[in-house]
Asker: 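Structure provided below as structure tokens; questions to follow.
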4 protein chains.
Amino acid sequence: MTKQQLSRRVEPRKLPSRSNSRARVEAILAATRELIFRHGLEGLTTNQIAEHAGIPVGSVYQYFPNKQAIVYALIQDWLSVLEDKLDAFPMEDYLQKGRDYALQQMSMTVTVPSTFDYERKLGRILLGAIDLYPELRELNDAHVEFCVESSVKFLKAAGSKWSVARLRKLGRYILEIRRTLYYTPDEIVADAIKWQEIATIAIISQCLDD
Amino acid sequence: MTKQQLSRRVEPRKLPSRSNSRARVEAILAATRELIFRHGLEGLTTNQIAEHAGIPVGSVYQYFPNKQAIVYALIQDWLSVLEDKLDAFPMEDYLQKGRDYALQQMSMTVTVPSTFDYERKLGRILLGAIDLYPELRELNDAHVEFCVESSVKFLKAAGSKWSVARLRKLGRYILEIRRTLYYTPDEIVADAIKWQEIATIAIISQCLDD
Amino acid sequence: MTKQQLSRRVEPRKLPSRSNSRARVEAILAATRELIFRHGLEGLTTNQIAEHAGIPVGSVYQYFPNKQAIVYALIQDWLSVLEDKLDAFPMEDYLQKGRDYALQQMSMTVTVPSTFDYERKLGRILLGAIDLYPELRELNDAHVEFCVESSVKFLKAAGSKWSVARLRKLGRYILEIRRTLYYTPDEIVADAIKWQEIATIAIISQCLDD
Amino acid sequence: MTKQQLSRRVEPRKLPSRSNSRARVEAILAATRELIFRHGLEGLTTNQIAEHAGIPVGSVYQYFPNKQAIVYALIQDWLSVLEDKLDAFPMEDYLQKGRDYALQQMSMTVTVPSTFDYERKLGRILLGAIDLYPELRELNDAHVEFCVESSVKFLKAAGSKWSVARLRKLGRYILEIRRTLYYTPDEIVADAIKWQEIATIAIISQCLDD
DNA sequence: AATGAATGAGGATTCATTCAT
DNA sequence: AATGAATGAATCCTCATTCAT
């Protein structure tokens, strides 16, 4: 992606309506995901994506206004899955079962990143992409906002006396702790999940004990 | 950087001997650092670097065999500063002052990343670069090794009964905890440092209490 | 052409299917032929070729993976014309008309290089190109093989008792005699053809008289 | 060599007077010869030559005005050796011993190219260089002139009745026959020399029998 | 005279995007 | 709507030659 490409529109050109359209959009995203996973972002070309997806380049531009929009959509998908996981978590149930249990569950909530090596590598690359292209930043910001809100809601419900502002800061750091899993090498994920839980409980305890 | 450029030699072409040479190497690195800081890795061109450094392109290639070699040198510099900081830490002193004090200091050791926003942003970008280009990986690996060893040494000295293999895993995760600081937004660094300390002490305690 | 370019793929990127494609490939080859004829191989640039062919550089690379591939195609064309000429020669007819007549015809077969100055100069340059770029060598080797086989077949048919191995050596030298025509200055081609015939008959006689 | 370099002066910048100068000129030529032999003309750089010769680039330009001048000198050396060989040939002696003997010896004269593979490959490359750079053409022309004169003198002395103009044409072709040896693969040199002799005698006979 | 760092125009190749069919 | 050939600005890197020291 050259400089000129920056600051372009990134919304999909059209909402895929016909099933064929959706299939093509999926094919494009799948191809991109695969290529990115295998070779990283460097050297990713639209022609390559099209070829890998089994459709002509021209058609790629039927659904995406430019190359970044594809990566944008990829990240969007990925983040929304993460957010769905967070959303689906039945926090209320656990909160009724006592502080310790709640703490443990909260830390589990934190552990969203998939423990599957494939997803973790992909996540790492996508996280890198966010840093690479300004347009993708907004996606990250929205996601961060979502995660932070999720944490704040939980911590409040768990009984924290901290101000929302302070809880938001903590929520932001909790997200960072969660993201360590992406950068953790495959060989130590199992242990890392455990340590992540310990670390999370430790810092969360602060706001519950105050 | 296109695909063909990958897997190239990355050692600086020559050791700068004449004072002018050293100045030029510095100018190149400074220019690159500045450009990377401002616009990220994307769109970084050799001509841009040369222009920014106030020297002709040809001269850039007098000191570096290719573009990546410059980024390589940049990362090398950066990591070696981090390693020097770790090395300079007088761990022994603290170990004599009791477990709690030692724990706290250990966690401080962990907090190596500069708290200055500039360095943290640069560090984040350089960390991203490592993921982008295979050649840079070796630099990271060596650095990781160094940090892990440093942690293991400390934890052993602090009295951990864990096996070296297990301590190495922990050391690896401690590094990840440390790196969270790079991804922490400027507004919450102050708090993040504190939480990072808490989190670190919590996970380190495991291996000391066993 | 710099060193890095050597050992690259040289097959045309795609078989020209649409008439326009074929026309463009022709235009590229014609432009290259013309430029090479006028200025030699040195200083031949892809931009020059494109400009001369009246198409953008990018389009040149639509049909040829790199500069050498163009020269490769040029040589391929040229050699295949030569081989067609050899193939088209009705050797059998002549063999029945007696040794002397056959000998004369054989030597005529040998005289394949065009007597037109343009083609001879071009041939000389292309022959030089083969020596310049390793990839082109395989083309020459295949052509040599073809010519040698052609000679051996003829000499056998003409009644030579020599072993195939020996005839192959002779065939290889006959090719060299044929190629003298390329290096012969325009002013003496007419005579050179005659002398070439004499020379050829003389050395061929050896294997028929043994 | 880029286009701009063409049409430059090619005489050595200074006649090497001091022994050190001569040694350096020799070193430059030897290095160039070696590099050309190994990698051909493509990719030959002055820096490479200097490094291989063990002297600084700047010094190369003390003795040669530009890169081509080096190749020029190399070819000059090579051709002068060939001419010395021709000169040293005691043709008169042989002419007194009868036509057949003379013919045979004449054809030997023709066989000047070294039968050593190294020299033959080098000669082939140098011959190619002549075709590549216009400036080198004059060297070839002078050499051709020399060889033609040598042949004419011999043929006249041997009793040919042909006009000088016609003998010059024959002489020119005899040179071409001689040059076939350069293009002959190593495996068949031995046989090629024999066939070259036969071919030469055959065409020379024409002018003696008329 | 000797040096070798400095120069910068030039060249091969790429690739996001368009648009004629 | 679908296609995929066409485009050409942009990018990395080279290297003959110079000239300050």
Side-chain angles (χ1 to χ4, degrees), chain A residues 1-5 8 14 18 20-21 24 43-51 55-68 70, chain B residues 1-5 8 13-14 16-18 20-21 24 43-50 55-68, chain C residues 1-5 8 13-14 16-18 20-21 24 43-50 55-68, chain D residues 1-5 8 14 18 20-21 24 43-51 55-62 64-68:
Chain A
M1 302 190 189
T2 58
K3 250 181 154 185
Q4 295 82 327
Q5 300 172 268
R8 295 289 200 73
K14 61 165 65 172
R18 303 190 318 165
N20 182 254
S21 296
R24 290 197 146 197
L44 177 74
T45 74
T46 49
N47 287 288
Q48 215 175 104
I49 292 172
E51 191 180 6
I55 60 174
V57 225
S59 297
V60 171
Y61 283 84
Q62 205 84 50
Y63 303 104
F64 296 93
N66 54 53
K67 197 173 77 164
Q68 286 164 79
I70 304 173
Chain B
M1 303 193 190
T2 57
K3 245 172 158 190
Q4 293 84 326
Q5 296 174 272
R8 293 287 201 73
R13 202 160 245 170
K14 59 175 64 176
S17 53
R18 301 198 326 179
N20 186 248
S21 298
R24 289 195 148 205
L44 176 73
T45 75
T46 50
N47 287 296
Q48 215 176 102
I49 292 172
I55 59 174
V57 226
S59 295
V60 170
Y61 284 88
Q62 194 101 54
Y63 301 104
F64 297 93
N66 54 54
K67 198 173 70 166
Q68 286 167 79
Chain C
M1 303 193 188
T2 58
K3 241 170 163 191
Q4 294 83 325
Q5 296 173 274
R8 294 286 201 73
R13 201 161 245 169
K14 59 176 63 176
S17 52
R18 301 197 326 182
N20 185 249
S21 298
R24 289 197 147 203
L44 176 73
T45 75
T46 49
N47 287 293
Q48 213 177 104
I49 292 172
I55 60 174
V57 226
S59 295
V60 171
Y61 284 86
Q62 196 100 55
Y63 301 103
F64 297 92
N66 53 55
K67 199 172 71 166
Q68 287 166 77
Chain D
M1 302 192 189
T2 58
K3 247 178 154 185
Q4 295 82 325
Q5 299 173 268
R8 295 291 199 73
K14 60 165 66 175
R18 301 190 320 166
N20 182 254
S21 297
R24 289 197 147 198
L44 178 73
T45 73
T46 48
N47 287 289
Q48 216 176 106
I49 292 172
E51 192 180 6
I55 61 174
V57 226
S59 296
V60 170
Y61 283 84
Q62 204 86 49
F64 296 93
N66 54 53
K67 197 173 77 165
Q68 287 165 79

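Just so it is clear, the structure is predicted and the values come from calculations on it, not from any experiment. Basis for what follows: all heavy atoms, side chains included, without hydrogens, waters or symmetry-related copies. So that the names make sense, note that chain A is the first sequence line, chain B the second, and so on, each numbered from 1.
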Asker: Does D:N47 or C:P56 map to a spot on DNA chain F nearer the 5' end, using the closest nucleotide for each?
Answerer: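 Nearest nucleotide further toward 5': that of C:P56.
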
Asker: If you round to the nearest 0.5 Å, how far is OH of B:Y61 from NZ of B:K67?
Answerer: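 Taking NZ in B:K67 and OH in B:Y61, the distance rounds to 8.0 Å.
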
Asker: How close or far is atom C1' of E:dT17 from atom CG of A:N66, stated in whole angstroms?
Answerer: 9 Å

Asker: Would the distance check show the side chain of D:Q48 and the main-chain N or O of D:G43 forming a donor-acceptor pair, the cut-off being under 3.5 Å?
Answerer: yes

Asker: OP1 or OP2 of F:dA5 sitting under 4.0 Å from any side-chain N/O of C:R24?
Answerer: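 Looking at the OP1 and OP2 atoms of F:dA5, neither is under 4.0 Å from any side-chain N or O of C:R24.
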
Asker: Find the distance B:Q62:CD to E:dT3:C1' and express it as a whole number of Å.
Answerer: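 Interatomic distance, CD of B:Q62 to C1' of E:dT3: 13 Å.
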
Asker: From E:dA5, F:dA6, E:dT13, pick the nucleotide closest to the side chain of B:Y63?
Answerer: E:dA5

Asker: Could you identify the nucleotide paired to F:dT21, looking across every strand shown and requiring Watson-Crick or G-U wobble geometry with both distances under 3.5 Å?
Answerer: E:dA2

Asker: Starting from C1' on E:dT17, measure out to CD on A:Q68 and report it in whole angstrom.
Answerer: 13 Å

Asker: Out of F:dT18, F:dC12, F:dG4, which nucleotide sits closest to the side chain of B:Y61?
Answerer: F:dC12

Asker: Look at the side-chain N and O atoms of C:T46 and state whether any lies under 4.0 Å from the OP1 or OP2 oxygen of E:dG11.
Answerer: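 Checking C:T46 against E:dG11: no side-chain N or O falls below 4.0 Å of OP1 or OP2.
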
Asker: Which nucleotide, E:dT18, E:dG4, F:dA16, lies nearest any side-chain atom of D:K67?
Answerer: F:dA16

Asker: How close do D:V60 and D:A50 get, heavy atom to heavy atom, and via which atoms?
Answerer: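 Reported closest heavy-atom pair: CG2-CB, 3.8 Å.
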
Asker: State, yes or no, whether a side-chain contact exists between B:T46 and B:F64 at a heavy-atom distance under 4.5 Å.
Answerer: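 Of all side-chain heavy-atom pairs linking B:F64 with B:T46, none is under 4.5 Å.
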
Asker: Send over the distance from D:I55 CD1 to E:dA1 C1', rounded to a whole Å.
Answerer: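 After rounding, the gap between these two atoms is 13 Å.
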
Asker: To the nearest angstrom, how far is C:I49 atom CD1 from E:dT13 atom C1'?
Answerer: 13 Å

Asker: Grab the CD-P distance between D:E51 and F:dA16 for me, whole Å please.
Answerer: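 The distance from CD of D:E51 to P of F:dA16 comes to 13 Å, rounded to the nearest Å.
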
Asker: If you pin C:S59 and B:G58 to their nearest nucleotides in DNA chain F, which one's is more 5'?
Answerer: C:S59

Asker: How long is the line joining CG of D:L44 and P of F:dA16, in whole Å?
Answerer: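 Between P of F:dA16 and CG of D:L44: 7 Å.
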
Asker: Indicate whether OP1 or OP2 belonging to F:dC15 is found under 4.0 Å from a side-chain N or O atom of D:T45.
Answerer: no

